[in-house]
**Student:** 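Before anything else, here's the structure in question.
This structure is a prediction, so every number in the text was calculated from the model and none was measured. Note on naming: letters A, B, ... go to the chains in the order of the sequence lines (proteins, then strands), and numbering restarts at 1 for each one.
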Amino acid sequence: MTEDRRQIEKHWQDYWDKIKLFEPDLKNYRHKYYCLMMFPYPSAALHIGHMRNYILGDTLARYKMMQGFNLFTPMGWDAFGLPAENAAIKDNIHPTKSTAKNIATMKKQLRQWGVGYAWSKEINSCSPEYYKWTQWLFLQLYKKGFAYRKKAKVNFCPSCQTVLANEQVIEGKCERCEANIEQKDLEQWFLKTTAYAQRLLEDLDTLTKWPEKVKIMQRNWIGRSEGDEVAFAVNSQQPTVNSSNQNPKFIKVFTTRPDTLFGCTYLAISIEHPFVTSLLKIKNQKSKIKNAEEIEKYIKEIKKQGISTRDNIAKEKTGVEIKGIKVINPVNNQEIPIWVVDYVLMEYGSGAIMAVPAHDQRDFEFAQKYNLPIKQVITSPSAKRQAPSAKRAYESEGVLINSGKYNDLNSQEAKEKITADLKKKGLAQKRVLYRLRDWLISRQRYWGTPIPIIHCPKCGTGPVPEKDLPVVLPQDVDFKPGGESPLKKNRNFIQTTCPKCGSSAQREADTMDTFIDSSWYYLRYLSPRDKKNAFDSSLVNRWLPVDQYIGGVEHAIMHLLYARFISKFLYDHKLINFKEPFASLFTQGMVIKDGLKMSKSKGNVVYPDTLIEKYGADAVRLYILFIAPPDKDVEWNSKGVEGMKKFLKRVEKLGYRLSVIGYRAQTANRKPQTDRELQRKIHQTIKKVSEDMERFHFNTVISSIMELVNSATRPPSRAGEADNPQPATRNPLEVIILLLSPFAPHFCEEIWQNVLKNKGSVFKHPWPRYNSQFIQGEKALIIVQVNGKLRAKIEAERDIPEKELKELVLKEEQLKKWLTKPIKRFIVVPNQVVNVVM
RNA sequence: GCCGGGAUGGCGGAAUUGGUAGACGCCUGGGACUUAAAAUCCCAUGUCCUUUAUGGGCGUGUCGGUUCGAGUCCGACUCCCGGCACCA
C-alpha cells in the first residue's frame with residue numbers, strides 16, 4: 001500500500017464525492033445531527049493545529065453517520081477581516097483575490113486529509129450573497145432599537161488604525177498587533193448587548209453540555225454584581241437618590257459592602273464625574289472651592305497620561321482633595337472629604353465610591369499615602385477586636401464594630417439592615433451592575449460588511465431600505481488605513497440619495513466587526529443560496545440548536561457570547577424558536593510547538609503536507625488524535641507518526657492473512673478457549689470504544705483498537721479456561737475495521753470493500769454492538785492484598801461465596817509466608833480484590 | 001490579586017464510581033531473519049536492594065490527614081498553563 005497509498009486515498013475521496021456521503025437530506029430531520037466546526041478564517045495554509053480541529057470533527061461526524069444519524073456538517077469561510085487586508089496592503093494583492101486563493105488551498109488540504117463536508121451548502125462571509133443578510137440582520141437590530149450610534153470613548157488601535165470592542169483589548173493592548181490602545185472620543189455604532197446581560201448569564205445554566213470552564217469565563221465577563229446605590233449629601237443639603245447626578249446637592253456611590261459604611265472616611269470620585277465637571281464650569285460653584293486651580297491642573301495631568309482602565313493597575317494611586325466641600329456619611333452624619341482620584345472608573349457604577357480604607361485594599365493604599373483616617377468596622381468572627389493590620393485592608397466579611405446600633409451583627413445581617421434603614425430615608429436603593437458593555441461594531445477598515453446606513457443632511461441618519469440590499473463593498477478602493485474608513489475616499493460608494501427625501505446624501509463609511517458575520521452563520525448553512533431570506537425559519541427550527549459545536553477555546557468569550565446574543569434577539573422577535581444556538585460545545589486544545597501556540601507569526605508552524613506525503617493521511621489522522629485527549633493542549637512532535645503507519649500495516653497484514661487462509665480455517669486451527677478469549681476481547685473493545693467515543697476520549701479509543709489488533713495477531717497468552725465449545729467468533733477484522741473507520745477512513749474503506757468484500761461504504765454500515773454475555777469470563781482474576789499490599793493474584797469462579805474465597809486464599813502457596821498472624825478482617829470486593837488485614 | 005485547569009517513567013499519555021499505577025504508543029538496548037541494509041518479528045525497558053526469586057523495598061509535584069486500601073477523597077503548600085483584572 002505504500003506506493004499507491006496516495007492513489008488509494010484519492011480513489012476513496014472521489015468515491016465519497018460520488019456517493020454524496022456528506023450531502024444531507026435536510027427534509028429528513030428525524031435523528032438529525034448538526035455537527036458544526038467553527039468556520040475558519042482563510043489564511044495561507046492550514047497547519048497541524050488546524051488539522052487537529054478538523055480531524056476531530058470529521059471523526060465524530062463519521063461515527064455519528066455510522067450510528068445512523070442524519071448528519072449535517074457544513075463548512076464555510078469567515079473571510080472578512082484584518083489579516084487579509086493587511087496582507088493586501090503589504091503584498092498589493094486585492095483581498096478578494098487572496099481570499100479566493102486561500103480558500104482553494106484550504107479546500108484542497110481538507111480533501112487530502114479525508115475531511116468531508118456538505119460542500120453544496122458552503123458559505124463565504126465576504127460574498128454579497130452572504131453579507132446582504134448580515135446587513136439585513138443589522139437593520140433588524142436597528143429597527144428594534146438594538147443598534148445605535150453614540151459618541152463614546154472608544155479603544156483605538158493606532159497600528160490597525162481602527163476602533164476595537166472591549167473584548168478585543170487584552171491588557172491594554174490590541175489582541176491582533178499588540179500595539180498600545182489609545183482612548184478616543186468617536187461617534188460609533190453599538191449593539192445593545194447589555195440589554196441581554198441577565199439572560200446571557202442565566203441561560204448559561206441551561207447549557208449542560210458546555211465545558212464548565214467556558215461558562216465560568218462568560219460569567220466573569222458578564223460580571224454581575226449586586227449592591228446598593230447610596231446617596232451622600234453634599235455639605236448639609238438634603239439629598240435623594242431620585243435627583244439627577246448633575247445636581248451638586250448629593251453624590252451617589254455604588255457599593256457591594258454597605259456593612260462597611262461606618263468605616264467610610266472619604267469619598268473618591270472619578271476625574272470625569274459630572275459633579276466635578278460642573279463644579280469647575282459654573283462660576284458660583286467654582287468659587288466655593290478653595291483649590292479649583294489645583295484640581296483642574298490635576299485632571300489635565302491625568303487626562304494627558306491617558307487613563308486607560310487596563311494598563312496602569314500597578315501605578316500608584318493619586319488624587320487631590322476638593323477643599324471647601326464635604327459630604328455627609330448618611331449612616332452617622334459625619335462630614336467627610338471628597339477626593340478626585342485616578343483609580344475610580346467613570347464607566348462603572350456611578351463614577352464615585354465610598355472609600356473604606358480599613359476594608360478595601362485600594363482605599364487603604366490611598367489613605368496611607370495621603371494620611372487619611374483608617375477606621376476599622378469589621379472584625380473577623382474568630383478573633384474579635386483584632387487590630388487592623390498595618391499592611392493590608394481586611395476585605396473579608398465578618399462582625400461589625402464601631403458601627404453604632406449595628407454593632408455585633410454579621411456582615412450579611414448588617415447589609416440588609418443598613419440598606420433597609422437608608423431606603424426608608426430615600427438614601428439607598430438596590431442596584432445590579434454588569435461589567436458587560438455594549439458591543440462596539442464600527443471598524444474604520446475596508447475588508448468588512450458595509451454598515452447599511454445613509455446620513456442625510458435633512459432627514460438625519462437612517463437605514464438603507466431592505467429592498468436595496470446588499471450595499472455592495474466596492475472593489476476599487478485605496479484600502480490603506482488612515483484612521484478613518486477607506487470607503488470614505490471612494491466617491492462612487494459614498495455619494496448616494498436619501499431614500500426618504502431623495503436629496504443628496506452620504507453612505508456610512510465604516511464596516512462591521514467581523515464577529516457579526518460569525519454571529520449568525522450557523523443559520524445560513526441550511527439555505528445558503530436563498531435569495532429571499534437570511535435563513536429558512538422552518539428548517540432552522542428543525543435543525544437547530546447545533547448538536548455539537550467544535551472549536552478553539554480562544555472563542556470562549558467573544559464569538560460564543562455574540563452568537564448567543566444574536567440568537568436571543570432573533571428568538572425575541574420570533575424569527576427562531578430556540579434561545580441558545582449551540583446545545584453541546586467541545587473546545588479542543590491547542591497544538592504547541594517549542595512551548596508556544598503554533599502560529600505563523602511565531603514561526604513555529606508545522607504543516608502536515610510532507611507528513612501526509614510520507615505516511616498517508618490516515619496515519620497522520622490517527623497520530624494526531626492518539627497523542628493526547630482532544631481537549632488538552634499538546635506539544636507537537638512528528639516522531640510518532642511512523643508508529644501509526646506500522647499499526648495500519650499490521651491491520652493490513654491481519655486482513656491479508658484472514659482473507660487468504662479464510663477466517664473459518666483460521667478458527668478451526670485454534671483451540672476453543674482461544675476463540676473465547678478473543679471473542680471476549682472483541683466485545684469488550686466494542687463496549688469500551690463506544691463509551692469512549694461519547695466522551696471524546698479518542699486517544700484511548702485508538703489504544704483499545706490497538707489492543708484488539710494485538711490480541712487478534714498474537715497467539716493467545718492465557719489458557720486453561722473451561723473448554724466447552726463456543727459458536728464461531730465474530731470476525732475480528734470486521735470489528736476492527738468498523739471501529740477504526742472514523743479515524744482512518746481511506747484505509748478502512750479499502751479493506752472493507754476490497755478485502756472483506758462488502759458492498760457499499762463502510763460508513764453506511766451500522767456501528768457494531770457488543771453482547772454483554774460475551775464480555776465476562778466465568779473466572780475472575782482476584783487481587784489478593786495483605787494489609788493493603790499486593791501479595792498474589794488468584795483465579796476464582798465468578799461470584800464465588802466469601803467463605804470459599806477465603807479458603808482459596810488461605811490455601812494459596814504464595815500467600816503462606818505473609819499470613820503469619822491471626823486475621824483481623826477479610827475485605828472482599830466481588831470479583832476484584834481481597835484484602836486480608838492482620 | 002481573583003477565577004479556572006494542571007503536575008504520573010527518557011517522552012506523549014492510561015487508570016470512568018477509592019481496589020493490580022505506568023495500558024497503548026514513541027524513544028532506547030538486545031536478539032532473530034538477511035551477504036548486507038531497510039522492512040518485519042521476538043525480548044527487555046519506573047527505580048533501588050539482595051540471597052538472582054513465582055523475591056523484596058520505594059515510587060503518581062511537597063507535607064500532613066481520612067481509609068482495610070489513596071494517582072483518585074480532605075487540609076496546607078510549591079511550581080506551570082489559561083482567563084480576568086483599580087468593576088467599588
**Student:** If you check the A:D342 side chain, which of B:C58, B:A88, B:C86 turns out closest?
**Tutor:** B:C86
**Student:** Mind checking ring pair (Phe, Tyr, Trp, His ring centres under 6.0 Å) for A:H683 and listing every partner two or more places apart, or none if nothing turns up?
**Tutor:** A:F774
**Student:** Quick check on B:C3: is either OP1 or OP2 less than 4.0 Å from any side-chain nitrogen or oxygen of A:K215?
**Tutor:** no
**Student:** Give the minimum heavy-atom separation between A:L648 and A:F747, together with the two atoms involved.
**Tutor:** O-CZ, 3.2 Å
**Student:** Could you state the atom-to-atom distance from CG of A:N220 to P of B:C2 in whole Å?
**Tutor:** 14 Å
**Student:** Within this structure, what is the CG-to-C1' distance between A:L739 and B:C24, rounded to whole angstrom?
**Tutor:** 16 Å
**Student:** Tell whether A:K317 reaches the base of B:C86 with its side chain through a donor-acceptor pair below 3.5 angstrom.
**Tutor:** yes
**Student:** Taking all non-hydrogen atoms of both residues into account, name the closest pair between A:I378 and A:G398 and its distance.
**Tutor:** CG2-N, 3.5 Å
**Student:** Check the interface with nucleotides 49-55 of chain B: list each N/O to N/O pair with the protein under 3.5 Å, or write none.
**Tutor:**
from: B:G55; atom 1: O3'; to: A:K817; atom 2: NZ; distance (Å): 3.3

**Student:** Using residues 825-838 of chain A as the side-chain source, report each donor-acceptor pair under 3.5 Å to any protein atom, sequence neighbours left out, with the distance given to one decimal.
**Tutor:**
from: A:N831; atom 1: OD1; to: A:D799; atom 2: N; distance (Å): 2.9
from: A:N831; atom 1: ND2; to: A:D799; atom 2: OD1; distance (Å): 3.0
from: A:N835; atom 1: OD1; to: A:G788; atom 2: N; distance (Å): 3.0

**Student:** So which atom in A:Y343 and which in A:A268 form the shortest heavy-atom distance, rounded to 0.1 Å?
**Tutor:** OH-CB, 4.1 Å
**Student:** Under the side-chain hydrogen bond (donor to acceptor under 3.5 Å, both in side chains) rule, what do A:E416 and A:Q412 come out as? Steps first, then yes or no, please.
**Tutor:** CA-CA 7 Å; A:E416 279 168 38; A:Q412 280 307 320; over 6 Å; no
**Student:** Measure the distance from CG on A:D259 to C1' on B:A88 and round it to the nearest whole Å.
**Tutor:** 13 Å
**Student:** Suppose we screen for salt bridge (Lys or Arg N to Asp or Glu O under 4.0 Å). Which residues come up paired with A:E694, at least two apart in sequence or across chains?
**Tutor:** A:K64
**Student:** Considering only nitrogen or oxygen atoms on both sides, find all protein atoms under 3.5 Å from nucleotides 38-41 of chain B and state each distance.
**Tutor:**
from: B:U40; atom 1: O2'; to: A:K653; atom 2: NZ; distance (Å): 3.3

**Student:** With the side chain of A:M706 defined as its heavy atoms from C-beta on, choose the nearest nucleotide among B:C24, B:C68, B:C84.
**Tutor:** B:C24
**Student:** How would you summarise protein contacts on nucleotides 13-21 of chain B per nucleotide, using B for base, S for sugar-phosphate only and - for none, with heavy-atom distances below 4.0 Å?
**Tutor:** SSSB--BB-
**Student:** Could you walk me through whether A:V641 and A:K639 pass the side-chain contact (heavy atoms from CB on, under 4.5 Å) check?
**Tutor:** CA-CA 6 Å; A:V641 185; A:K639 257 188 172 174; over 6 Å; no
**Student:** Quick check on B:A88: is either OP1 or OP2 less than 4.0 Å from any side-chain nitrogen or oxygen of A:S225?
**Tutor:** yes
**Student:** Could you say whether A:I216 or A:I557 is positioned toward the 5' end of RNA chain B, judged by the nucleotide with the nearest heavy atom to each?
**Tutor:** A:I216
**Student:** What nucleic acid atoms does A:G223 come within less than 4.0 Å of, heavy atoms only: base, sugar-phosphate, or nothing?
**Tutor:** nothing
**Student:** Just grab all the ring-ring contact (aromatic ring centres under 6.0 Å, His included) pairs involving residues 620-639 of chain A, residues at least two apart or on different chains.
**Tutor:** A:Y623-A:W636
**Student:** Should A:F647 and A:M706 count as side-chain neighbours, where that means a heavy-atom distance under 4.5 Å?
**Tutor:** yes
**Student:** Among all residues two or more places apart in sequence or in another chain, which pass the ring pair (Phe, Tyr, Trp, His ring centres under 6.0 Å) test with A:Y298?
**Tutor:** none
**Student:** Return the stems involving RNA chain B, sorted by first number, where pairs are Watson-Crick (N1-N3 with N6-O4 or O6-N4) or G-U wobble (N1-O2 and O6-N3), both under 3.5 Å, and runs are 3 or more long.
**Tutor:** B:1-7 with B:78-84, B:10-12 with B:24-26, B:28-32 with B:40-44, B:46-49 with B:55-58, B:61-65 with B:73-77
**Student:** Would you mind classifying the nucleic acid contact of A:R224 as base, sugar-phosphate or nothing, using non-hydrogen atoms under 4.0 angstrom?
**Tutor:** nothing
**Student:** Go nucleotide by nucleotide along RNA chain B from the 5' end; which of A:M644 and A:N787 gets its closest nucleotide reached first?
**Tutor:** A:M644
**Student:** Taking syn as within 90° of 0 and anti otherwise, name the glycosidic form of B:G9.
**Tutor:** syn
**Student:** Looking only at the side chain of A:N710 (C-beta and beyond, no hydrogens), which of the listed nucleotides B:C24, B:C84, B:A88 gets closest?
**Tutor:** B:C24
**Student:** Expressed as a whole number of angstroms, how long is the span from A:Q218:CD to B:C84:P?
**Tutor:** 12 Å
**Student:** Would you please name every residue forming a salt bridge (Lys or Arg N to Asp or Glu O under 4.0 Å) with A:K430, sequence neighbours left out?
**Tutor:** A:D228
**Student:** With sequence neighbours excluded, what pairs up with A:E635 under the salt bridge (Lys or Arg N to Asp or Glu O under 4.0 Å) test?
**Tutor:** none
**Student:** Check the distance between B:C81's C1' and A:M590's CE and give it to me in whole angstrom.
**Tutor:** 8 Å
**Student:** Pick out which of A:R219, A:K213, A:Q218, A:M217 makes a side chain to side chain contact (heavy atoms under 4.5 Å, CB included) with A:K215.
**Tutor:** A:R219
**Student:** Nearest to the side chain of A:R435 - B:A85, B:G57, B:G83?
**Tutor:** B:A85
**Student:** Report the residues that fulfil salt bridge (Lys or Arg N to Asp or Glu O under 4.0 Å) with A:R564, sequence neighbours left out, ordered by chain and then residue number.
**Tutor:** A:E580
